[in-house]
Amino acid sequence: MPMLEKTFDPKAVEPRLYAAWEASGGFSPDKTLARNPDAEPFCMVIPPPNVTGSLHVGHALNDTLQDVLARFYRMRGRAVLWLPGTDHAGIATQMVVERQLAEEGNIRRREMGREAFVERVWAWKAESGGNITRQMRRLGCSCDWQRERFTLDDGLSAAVRKVFVKLHKDGLIYRDKRLVNWHPELQTAISDLEVENVETKGSMWRFRYPMEAGLTYQHPVAFDDEGKPTEWETRDYIVVATTRPETMLGDAAVAVHPGDERYAGLVGKSVVLPLVGRLIPIIADDYADPSKGTGAVKITPAHDFNDFQVGKRHGLPATNIFTPDAKLNDVVPEIYRGLDRFVARKRVVADLEALGLLDGVDPHSLAVPMDEKSKSVVIEPYLTDQWYVDAAVLTKPALKAVQDGKTTFEPKHWDKTYYHWLENIEPWCISRQLWWGHRIPAWYGPVKKEDISSSDLRNVVVGNNSFVSGPDESKIFVAETEDDALKMAAEYYGRPVGATSDRAKAFGLDIPASEAAKAIFIDIKRSGDEGVLIYRDEDVLDTWFSSALWPFSTLGWPESTADLKRFYPTNVLITSFDIIFFWVARMMMMGLHFMDDVPFDKVFINALVLDDKGQKMSKTKGNVIDPLELVDEYGADALRFTLTAMSGPARNIRLSKQRVEGYRNFGTKLWNAARFCQMNECVVAEGFDPGAVKGPLNRWLRGELAKTSETVTGALERFAFDEAAAALYRFIWNTFCDWHLELAKPILNGDDETAKAETRCTTAWALDQTLKLLHPVAPFITEELWAATAEFGPRPEGLLMGVAWPQFPAEYLDLEAEADIGWLVDLVSEVRSIRSEMNVPPSARPPLTLVGASDATRQRVARHRASLFALGRLDAVSFADAIPSGAASFPSGEATAALSIAGFIDVAAEKARLKKAIGVAISDADRVNKKLGNADFMARAPEAVVAENREKLAEAETTKAKLQAAFVRLESLD
RNA sequence: GGGCGGCUAGCUCAGUUGGUUAGAGCAUCUGGUUUACAUCCAGAGGGUCGGGGGUUCGAGCCCCUCGCCGCCCACCA
């Protein structure tokens with residue numbers, strides 16, 4: 001066995017070890033199951049990253065925690081499946097490719113056509129798709145790559161279609177015309193969750209809408225102290241206020257509050273909509289707030305969510321005035337047509353001002369809805385036909401499952417976030433006007449004339465440019481395949497049916513889309529006697545629709561696979577808080593609906609990684625820390641340990657290089673401990689039984705290891721990653737290296753061959769166990785050391801990754817040895833402290849005298865003489881009845897220890913030191929005394945606490961006595 | 001406006017049902033080439049636990065209140 005290098009070289013080792021792990025088949029549960037078919041499963045599905053993305057530090061944290069659990073449970077014998085995969089990320093990926101096209105100066109998406117564009121996205125996926133999974137491998141992630149999935153792969157696409165059809169059949173998916181959040185650049189609907197309201201400085205304009213036919217009314221203009229009007233003026237107009245002047249072109253009414261006396265007489269009358277000339281009614285509606293603005297509010301049903309509701313209540317027409325790219329359409333007066341919305345805004349204000357109808361303008365700050373990603377595109381409420389999921393129905397079981405504790409959140413408080421959203425759920429708009437994604441399995445055809453009832457006609461607004469994906473009224477065939485759709489259609493029409501990709505053709509019309517609404521009036525005869533053509537919905541589904549199925553679609557659903565039976569519900573989902581709504585809640589809904597069971601027992605919400613100043617990382621701020629750079633510089637283990645150690649109950653993690661460096665050093669420490677073992681020929685002898693060791697040091701180490709093992713195991717079971725890391729750090733650095741190895745040195749260099757042999761075995765054995773315990777967090781260095789120290793003794797075949805997790809019998813704890821070594825550690829620490837305080841040079845080797853030592857202490861001294869000499873840098877230990885002169889003394893157990901350092905001692909300083917220590921002892925004693933003298937305390941405190949305090953008092957008293965004796969002695973010797 | 005989280009050493013954070021003298025890492029200072037490790041060793045200093053009030057024999061921890069920081073949701077004519 002070659003000597004270990006002085007430091008661990010992650011770069012050289014990591015790729016080799018990862019390849020070995022993967023080649024071993026150990027990432028797959030199948031290996032465990034082959035050995036033990038009854039192995040209890042443990043399953044996690046990865047939050048699928050964007051397929052074309054790259055690993056950021058948030059992924060690194062998320063992946064590390066999952067890998068810690070995967071490795072931990074694998075070592076505990078569970079059949080672990082950590083299922084990896086990627087998400088097609090509709091909008092994000094499509095945008096990237098569109099940007100590429102723009103940069104290349106080639107033709108754009110629309111000119112390219114759907115098929116060519118989608119092909120292009122697949123090409124980009126082929127090129128960059130492996131990036132992030134390669135990067136996960138560098139982190140050491142032990143996913144089962146054989147089971148890797150992609151949201152757009154064949155299996156998952158089939159699952160998506162099945163779910164869509166089923167939900168449609170159940171009436172939980174429907175098509176509706178309502179306002180959506182419209183992205184005018186991408187020209188697609190986006191979800192509420194993808195809109196970010198950005199506080200912006202704008203203006204509030206007040207416009208005068210003239211009353212119809214010269215009508216006038218009295219409007220109060222001055223008020224007394226009680227708010228009662230004292231002066232009125234005659235008005236022939238009503239003032240409305242708005243932050244969006246351009247929308248007035250689509251106004252349908254002016255609303256006032258029913259109880260608003262100022263306008264009471266006007267309800268039912270009309271105003272003339274300026275610039276347009278249309279008469280619009282003044283209506284009474286609670287929505288109008290008398291205290292806001294002028295109390296009269298313009299109602300624009302097609303361009304404001306609240307106004308849409310008002311319009312519905314009052315049967316107002318929703319007149320859309322925008323084209324899909326948010327330019328004014330042809331329902332507005334000609335001079336405004338084609339203008340961009342922001343240009344139109346200025347023009348409308350100017351024109352109203354010119355007409356003397358601008359009542360005033362004030363600066364006003366408001367939250368403008370922006371596209372969450374770009375934070376620059378203003379989102380429009382826009383009237384379109386879209387597909388919706390009736391989320392409210394699916395929500396109920398999802399809420400109940402968490403309330404009943406079927407699924408729990410960790411940290412627990414996140415359940416509040418979950419509840420809050422689900423309790424206020426809105427219908428989920430699932431259609432997107434994109435090309436990259438799951439195309440909606442719905443086909444449209446003309447409606448048979450006899451199916452059109454008069455009430456169906458009211459939604460048809462001629463000239464409505466909102467036509468997006470299908471005519472407002474058409475017959476819809478929802479089916480998993482085109483064949484099924486054709487069959488359904490053939491049955492409906494009673495004649496042959498074909499499918500076309502040409503929308504106009506499907507309706508037998510060669511007319512512009514904006515006119516397509518008229519199609520419903522066309523008798524199907526127009527499609528030709530020989531048959532009817534149907535046309536597939538052009539839209540795709542929201543990316544989160546397929547992600548919502550992830551926990552069961554990846555396991556093979558709808559097929560009843562062995563994996564699905566074995567691994568669903570999964571054990572834990574580790575994810576970040578920002579997708580509780582997007583993803584967690586929806587998986588709960590879909591899982592419960594389709595699998596009749598929750599998708600996971602536990603949701604662990606990992607922290608948010610911030611930079612070292614507590615700032616969110618962002619490309620624009622330039623403070624993004626690349627996890628792979630950290631891996632390059634310090635090794636994967638160092639990064640993993642850092643993220644694990646910092647993954648406490650707090651909501652965020654401030655990542656600093658310094659911290660990573662510290663944990664790299666920790667790895668080096670462990671590495672060197674292994675070197676020390678190697679140099680000292682520490683080997684586990686054949687037949688060595690750690691339960692039978694005799695030496696106090698070895699018994700103590702065994703106990704400390706057992707305690708650590710229990711702590712680490714318990715912490716990982718509770719997802720207390722930080723506690724596990726802290727316990728490992730403490731044990732390896734402080735217990736094993738600082739004390740055990742130092743105390744073992746005199747034994748290993750001594751001539752007691754029995755003790756030496758036992759210490760070698762115990763040390764080697766303990767290191768082996770330590771490697772196991774550390775492996776989930778730091779897999780590379782532990783695996784490397786496991787291989788490098790193979791000669792340390794008999795051990796299971798194969799990789800450390802596959803070794804059983806340690807579990808020690810309770811007898812490994814040894815109170816006697818603990819007390820013994822505890823005494824030694826305390827004594828050495830005191831000696832060191834005194835030496836340092838008294839400036840005793842390291843080379844000096846003073847004698848130590850113990851005054852009033854018991855037999856037990858005398859035996860301890862005898863047992864640990866060599867260690868005491870070495871660590872305390874002493875040249876003698878003796879016993880006496882009195883403190884010798886020129887000594888600094890301190891209490892040690894029942895005895896008083898005195899370090900003879902005559903040459904260095906400064907009597908005044910020593911007196912001061914003793915005095916201070918006496919002061920501490922006195923105040924300790926006083927405090928406890930006071931407590932014990934408190935009748936209430938004695939009456940109410942539990943017996944154990946009282947006893948504890950009695951003991952404490954006794955201790956303080958003896959300490960005080962010893963220190964005082966030392967002080968007196970010092971004076972008498974002076 | 002509603003909600004969530006945080007405020008503990010110079011910095012970053014632990015502190016599990018209330019119970020020894022409130023801990024760790026980093027930073028700082030002092031001293032060290034002790035044959036595993038200077039990516040190291042030994043020692044030290046440093047905290048009125050955000051303010052106020054309450055409950056309790058006892059509060060960093062429980063309750064009320066105020067303040068500041070961060071985040072989420074909603075609304076804003």
Side-chain angles (χ1 to χ4, degrees), chain A residues 4 6-8 192 197 204-206 240-244 247 254-255 287-289 292-300 304 306-307 364-367 411 413-414 416-417 420-421 424 577-578 580-581 608 610 612 614 616 634 645-646 648-656 658-659 661-680 718 720 722-723 726 729-730 737-738 741-742 745 749 828-829 832-837 839-843 870-871 873 920 923-924 927-928 931 934-942 944-946 948-949 951-952 955-956:
Chain A
L4 287 165
K6 218 169 167 182
T7 55
F8 173 57
D192 308 353
N197 294 311
M204 174 87 85
W205 288 272
R206 292 191 307 277
V240 296
T242 183
T243 56
R244 299 206 49 193
T247 63
V254 169
Y287 168 66
D289 182 345
K292 279 187 191 160
T294 62
V297 57
K298 64 192 267 310
I299 301 296
T300 321
D304 182 280
N306 289 310
D307 292 7
H364 183 75
S365 79
L366 70 165
H413 68 257
W414 288 109
K416 294 199 179 71
T417 305
H420 181 257
W421 190 67
N424 297 288
F577 71 88
D578 52 338
I580 290 177
F581 304 149
L608 180 69
L610 306 172
D612 55 351
K616 238 177 180 170
Y634 302 108
M646 298 184 85
R651 280 157 71 120
N652 31 33
I653 287 178
R654 294 194 187 188
L655 187 62
S656 72
Q658 204 180 34
R659 192 87 189 240
E661 192 182 339
Y663 289 120
R664 187 272 319 268
N665 296 352
F666 170 67
T668 308
K669 186 73 184 173
L670 173 68
W671 186 263
N672 277 289
R675 286 182 76 216
F676 175 87
C677 292
Q678 201 179 35
M679 288 171 182
N680 285 279
R718 288 182 292 118
D722 58 330
E723 287 178 37
Y729 189 95
R730 243 189 338 261
C737 293
D738 289 346
L741 292 184
E742 292 306 323
K745 278 176 186 174
N749 296 329
V828 168
S829 298
R832 283 170 169 174
S833 182
I834 295 282
R835 293 182 64 114
S836 176
E837 224 172 307
N839 295 316
V840 178
S843 54
L871 272 64
R873 305 185 66 73
V920 170
S923 77
D924 275 358
R927 200 181 40 251
V928 181
K931 226 180 205 181
N934 181 337
D936 280 332
F937 175 78
M938 297 304 284
R940 294 170 202 250
V945 174
V946 174
E948 219 172 84
N949 276 279
E951 229 170 272
K952 202 160 61 177
E955 240 169 70

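Using a 4.5 Å heavy-atom threshold, the side chains of A/W421 and A/I580 count as separate.
The partner of B/G5 is B/C69, by the rule that a Watson-Crick or G-U pair needs both atom distances under 3.5 Å. Nucleotide B/U16 has no partner under the Watson-Crick or G-U criteria, as no pair reaches both atom distances under 3.5 Å.
Scored by the ring pair (Phe, Tyr, Trp, His ring centres under 6.0 Å) test, A/F666 finds A/F641, A/Y729 as partners (sequence neighbours excluded).
Judged by distance alone with a 3.5 Å cut-off, no donor-acceptor contact links the side chain of A/R654 to the base of B/U12. Counting distance only, with no hydrogens placed and no angle test, the side-chain atoms of A/E742 and the base atoms of B/A42 include no donor-acceptor pair under 3.5 Å.
Using a 4.0 Å heavy-atom cutoff across all strands shown, A/N306 reaches sugar-phosphate atoms only and no base atom. Using a 4.0 Å heavy-atom criterion, one finds that A/R940 contacts the bases of the nucleic acid, with or without backbone contacts as well. As judged by a 4.0 angstrom heavy-atom cut-off over every strand, A/R873 is placed among the base-contacting residues. No engagement by A/K298 is indicated, since no non-hydrogen atom pair under 4.0 Å with the nucleic acid exists. Using a 4.0 Å heavy-atom distance criterion, A/T417 is classed as making no nucleic acid contact. Nucleic acid contact class of A/K6 (heavy atoms, under 4.0 Å, all strands): sugar-phosphate only. Within 4.0 Å of A/D738, counting heavy atoms only, lie sugar-phosphate atoms of the nucleic acid but no base atom. Residue contacts for A/M938: at a heavy-atom cut-off of 4.0 Å it reaches no nucleic acid atom on any strand shown. Contacts of A/P841 with the nucleic acid, taken as non-hydrogen atoms under 4.0 Å apart, are absent. Here A/T243 lies in heavy-atom contact (under 4.0 Å) with sugar-phosphate atoms only. Among the heavy atoms of the strands lying under 4.0 Å from A/R832 are primed sugar atoms or P, OP1, OP2 only; no base atom is included. At a threshold of 4.0 angstrom between heavy atoms, the contacts of A/T668 include nucleobase atoms, whether or not backbone atoms are also involved.
The phosphate of B/G19 has neither OP1 nor OP2 within less than 4.0 Å of any side-chain N or O from A/K931. Contact annotation: A/N652 does not reach the phosphate of B/C71 (side-chain N/O to OP1 or OP2, under 4.0 Å). Here A/K745 reaches the OP1 or OP2 of B/A36: one of its side-chain N or O atoms lies under 4.0 Å away.
Between the A/T668 side chain and the A/R664 main chain, a donor and an acceptor come within less than 3.5 Å of each other.
Counting only heavy atoms from C-beta on, A/F577 has its side chain closest to B/C71 among B/G43, B/C71, B/G19.
Here the CZ atom belonging to A/R675 is positioned 6.5 Å from the NZ atom belonging to A/K6, to the nearest 0.5 angstrom.
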